[in-house]
*Asks:* 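Quick one: this structure, given as structure tokens, is what I'll be asking you about.
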Amino acid sequence: MAGAPEAHSGWTFLTNHARVLAAIAENPRTRIRDMAARCRLTERAVQKIISDLVQEGYLSRTRVGRSNMYRIEPGTILRHPADAGLSVTDLLALLARHDAHRGDGTTGAQTAE
């Protein structure tokens, strides 16, 4: 079993909540353990973030056997006033586009179409 995630100090562009949402968008059946590894968080931190997202209506979870299946609520709007009108779906589409560029050797600075 892997040890604790490596520590990070300083600020980042994405919050841990955004990282967890992106992991769920990539695979709605992903396990908390896998999300924690991908996001470099503890499992407990991921559980808390999922709880926050469910409580605020950004995410729903359904028990499927011994695991969970997550559903991102597409119409939910980001919380910060500066992001007024931007939905979670818009944010995740932007992150997915960035991830696609990373895989083909281009930079995220390029514009699409």
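Values in this document were obtained by computation on a predicted structure and should not be read as measured data.
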*Asks:* So, for Ala18 and Leu91, which heavy atoms are closest and what is the spacing to 0.1 Å?
*Replies:* CB-CD2, 4.5 Å
*Asks:* What heavy-atom pair brings Ile32 and Tyr70 nearest, and what distance separates the two atoms?
*Replies:* CG1-OH, 3.9 Å
*Asks:* Compare every heavy atom of Ile77 with every heavy atom of Gly85, then report the nearest pair and how far apart it is.
*Replies:* N-CG2, 3.8 Å
*Asks:* Would you sort out whether Leu95 and Leu14 count as a side-chain contact (heavy atoms from CB on, under 4.5 Å), showing the intermediate values?
*Replies:* CA-CA 10 Å; Leu95 292 174; Leu14 297 178; 3.9 Å; yes
*Asks:* Hey, mind stepping through Ile49 and Leu41 against side-chain contact (heavy atoms from CB on, under 4.5 Å) and telling me if it holds?
*Replies:* CA-CA 10 Å; Ile49 289 168; Leu41 299 168; 4.0 Å; yes
*Asks:* Could you tell me whether Arg63 atom CZ has more than 12 heavy atoms of other residues or ligands within 6.0 Å of it?
*Replies:* yes
*Asks:* Applying side-chain contact (heavy atoms from CB on, under 4.5 Å), run through Arg97 and Leu94 and close with a yes or a no.
*Replies:* CA-CA 5 Å; Arg97 196 169 68 216; Leu94 180 65; 3.4 Å; yes
*Asks:* When rounded to the nearest 0.5 angstrom, what is the spacing between NE2 in His80 and CG in Leu86?
*Replies:* 12.5 Å
*Asks:* What distance separates Arg44 CZ from Thr42 OG1, expressed to the nearest 0.5 Å?
*Replies:* 8.5 Å
*Asks:* Does any non-hydrogen side-chain atom of Ser60 lie less than 4.5 Å from one of Glu73?
*Replies:* yes
*Asks:* Do Leu53 and Met69 belong to the same hydrophobic cluster, where Ile, Leu, Val, Met, Phe, Trp and Tyr are linked whenever their side-chain heavy atoms lie under 4.5 Å apart, directly or via other members?
*Replies:* no
*Asks:* CG of Asn16 to CZ of Arg40: how many Å apart, nearest 0.5 Å?
*Replies:* 12.5 Å
*Asks:* Just how far is it from atom CD1 of Ile24 to atom CZ of Arg61, taken to the nearest 0.5 Å?
*Replies:* 9.0 Å
*Asks:* Enter the distance from Arg31:CZ to Ser67:OG here, rounded to the nearest 0.5 Å.
*Replies:* 9.5 Å
*Asks:* Using 0.5 Å steps for rounding, measure from the CE atom of Met35 to the CD atom of Gln47.
*Replies:* 9.5 Å
*Asks:* If you take all heavy atoms of Cys39 and Ala23, which pair is closest and at what distance?
*Replies:* SG-CB, 4.4 Å
*Asks:* Are the side chain of Thr89 and the backbone N or O of Pro74 linked by a donor-acceptor pair below 3.5 Å?
*Replies:* yes
*Asks:* In plain terms, say whether Asp83 and Arg79 are close enough for a salt bridge, that is, a side-chain N and a carboxylate O under 4.0 Å apart.
*Replies:* no
